[in-house]
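Naming: A, B, ... by sequence-line order, numbering from 1 per chain. We use all heavy atoms of the structure for the numbers below, so side chains are in, but hydrogens, waters and symmetry mates are not.
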Amino acid sequence: MALITKRIKGTQDVLPKESYRWQFIKKVLSDEAKNFGYKEIRTPVFENTKLFERGVGETTDVVQKEMYTFETKGGDMITLRPEGTAGTARAVLENALPNEGLPIKAYYFLSCYRYEKPQSGRLREFHQFGVECFGAENPAADAEVISMLCSIFERLGVKNLSLEINSIGCKECRKNYHEALKVYFEKYKDELCETCLSRLSRNPMRILDCKSPICKKIAEGAPKIIDFLCDDCKEHFEKVKTYLDTNGINYTVNPNIVRGLDYYSKTVFEFVSTDLGAQSTVCGGGRYDGLIEELGGQPLPSLGFGLGLERLLLLLDAQNIEIEKPAPCEIYFASMGDDANKKAFELASVLRTAGVFTEFDIVGRGLRPQMKYADKIGAKYSIVIGDDELQKNKAEIKNMSNGNKYEITLDKEKIISDFLQIKIKDELPSLEVQ
RNA sequence: GUGGGUAUAGCUUAGUUGGUUAAAGCGCCAGUUUGUGGCACUGGAGACCGUCGGUUCGAAUCCGACUAUCCACCCCA
């Protein structure tokens, strides 16, 4: 087939036969968020470009080379959101939510856009579930957010995830740490890869994240951020760990997690899985105490995480975690002739109004193809209507899985109660005996 | 942006050393059953063999370029 155009690179269609998987995880995720006191927030897909430049950070890869930015007809520069935190923070400030009381707890499902080369677990349009908590300085907030993720993964039945945490300190600690890193890496200037060389002057912390074996090896001997944390940050991190310990949450401290978005501070964490391929992070987050101020608000310590929905689904797939399929059609009306088809439509409407999942023929097929269709969609019961049935105002209803047949009225006033009685009789034959 | 793999019906694939109307299974539509699904049988629709160019009497097959897609780097969800 010669289509005039195809799907845009790095995007995916979610088809009717698979959308139930998305609906399932969205339900688990939002239920869990609600249990933790979060309410949904919805913000626009695009924002003023400045928001991301400031919020995410000018030196980050996301801002420098991955944003979908364009000029509107009115001459404004706008950007399709590459992540969810900046827009949420903007909305919180713009709507003066801090005045309504703290903390502000918001969760979201959103589509994000990054101009990257697609590969497994990495798309140009991807979907993310996230939560943001504003106005909570206490380490308990960090632990609470992490424990929420633990219960999410537990409810979903996801195994073999590891939680890695680190503290990257506040602005002050980082200044000293940067200096120490520069001094250290300067010594290996000739061995570092090209990208790391440029990182050296701009943001030496990123070298720690480099995957090139040589840089990795050099990075092993680099000073650790933990040793440069100020007393305040050190204490915060210790307390976070204590909270996790007392909640029985396993973690490993990974001094090399850095997070590529500038707004992070103090606690950062990732949930990673070896079942995912190269893009092993399902979920990443942390604290961003400086962001709100950066965007022009009063200082407001905050934190959150983003969880990649495509990656989560990939993970469920890899671990063969089954998701319950939606309930099939309850009653299928097969009809012969126009009058019977009209009757089927009428009765289907009555049943649907009562909440019974009902279908009838809208294609104009013969009886046999209609029955095949009923079988294909997994209809639980079928009712055939023809001239005889119209005359008697009664028909046979057949249980499609065992072939049991019952008589049912075609009277629209009585069909529902009739059907319910038949259903009870059919599903609980033992009751009839007693 | 840099590598590597792949490209034949909706899906999964076959296609022999280049040779005429490109094949199968599944799926789809229908018939066998003038009023009843699953099984079986029969038939039908559906592919300019990713695109363009080259070699050749002749290309799905050989060569080149491009494009798409997958995987990896980078980065992140």
Within the structure shown, what part of the strands sits under 4.0 Å from [X] by heavy-atom distance: base, sugar-phosphate, or nothing?
X        : value
A:Arg365 : sugar-phosphate
A:Leu261 : sugar-phosphate
A:Glu125 : nothing
A:Pro369 : sugar-phosphate
A:Lys9   : sugar-phosphate
A:Gln370 : nothing
A:Ala334 : nothing
A:Val62  : nothing

Taking atom [atom1] in both [N] and [M], what distance in whole Å separates the two?
N     : M     : atom1 : result
B:A9  : B:A22 : C1'   : 11 Å
B:A68 : B:A59 : C1'   : 22 Å
B:G58 : B:G53 : P     : 15 Å
B:C26 : B:A45 : C1'   : 16 Å
B:U8  : B:U69 : C1'   : 16 Å
B:U13 : B:U17 : C1'   : 23 Å
B:A24 : B:U67 : C1'   : 29 Å
B:A23 : B:C39 : C1'   : 26 Å

Nearest to the side chain of [X], which nucleotide is it out of [options]?
X        : options             : result
A:Glu389 : B:G37, B:C74, B:G35 : B:G35
A:Arg114 : B:A77, B:C74, B:G38 : B:A77
A:Leu367 : B:A72, B:G35, B:C74 : B:G35

Please report the distance, rounded to the nearest Å, between [atom1] in [X] and [atom2] in [N].
X        : N     : atom1 : atom2 : value
A:Asp387 : B:G35 : CG    : C1'   : 10 Å
A:Leu276 : B:A77 : CG    : C1'   : 10 Å
A:Asp388 : B:U36 : CG    : P     : 12 Å
A:Asp375 : B:G38 : CG    : P     : 7 Å
A:Leu15  : B:C11 : CG    : C1'   : 13 Å
A:Asp361 : B:G35 : CG    : P     : 15 Å
A:Tyr373 : B:G27 : OH    : C1'   : 16 Å
A:Asp13  : B:U69 : CG    : P     : 12 Å

Phosphate OP1/OP2 of [N]: any [X] side-chain N/O under 4.0 Å:
X        : N     : result
A:Thr281 : B:A77 : no
A:Gln119 : B:C70 : no
A:Lys376 : B:C28 : yes

Give a yes-or-no answer on whether the side chains of A:Glu125 and A:Thr11 include a donor-acceptor pair shorter than 3.5 Å. no
When you check the side-chain N and O atoms of A:Thr267 and A:Asp142, is any donor under 3.5 Å from an acceptor? yes
Opposite nucleotide pairing with [N], Watson-Crick or G-U, both atom distances under 3.5 Å:
N     : value
B:C29 : B:G43
B:A7  : B:U67
B:G38 : none
B:G18 : none
B:U56 : none
B:C73 : B:G1

A:Phe46 side chain reached by A:Leu51 side chain, heavy atoms, under 4.5 Å: no
For A:Gly10 and A:Tyr264, take the nucleotide of RNA chain B holding the closest heavy atom to each; which residue's nucleotide lies nearer the 5' end? A:Gly10
Comparing A:Gly306 and A:Pro118 on RNA chain B - which has the more 5′ nearest nucleotide: A:Pro118
Is there a donor and acceptor pair closer than 3.5 Å between the side chain of [X] and the base of [N]?
X        : N     : answer
A:Arg122 : B:C71 : no
A:Glu116 : B:A77 : yes
A:Lys398 : B:G37 : yes

Taking the six-membered ring of A:Tyr406 as reference, does the cationic atom of A:Lys425 (NZ for Lys, CZ for Arg) lie under 6.0 Å from its centre and within 45° of its axis? no
A:Arg174 to A:Phe228, cation-pi by 6.0 Å centre distance and 45° axis angle: no
Give me the one residue out of A:Glu294, A:Glu132, A:Lys266 that meets side chain to side chain donor-acceptor pair (under 3.5 Å) with A:Tyr288. A:Glu132
Name the orientation class of the two ring planes belonging to A:Tyr107 and A:Phe129 (parallel below 30°, tilted from 30 to 60°, perpendicular beyond 60°). tilted
After noting the C-alpha distance and the side-chain angles of A:Glu293 and A:Lys171, does the key distance pass the salt bridge (charged side-chain N to carboxylate O under 4.0 Å, His left out) rule? CA-CA 13 Å; A:Glu293 205 177 350; A:Lys171 262 189 189 158; over 6 Å; no
Neighbour count >12 (heavy atoms, 6.0 Å) for atom CD, A:Glu330: yes
Is the aromatic ring of A:Phe126 within stacking range of B:A77, meaning centres under 5.5 angstrom and planes under 30 degrees? yes
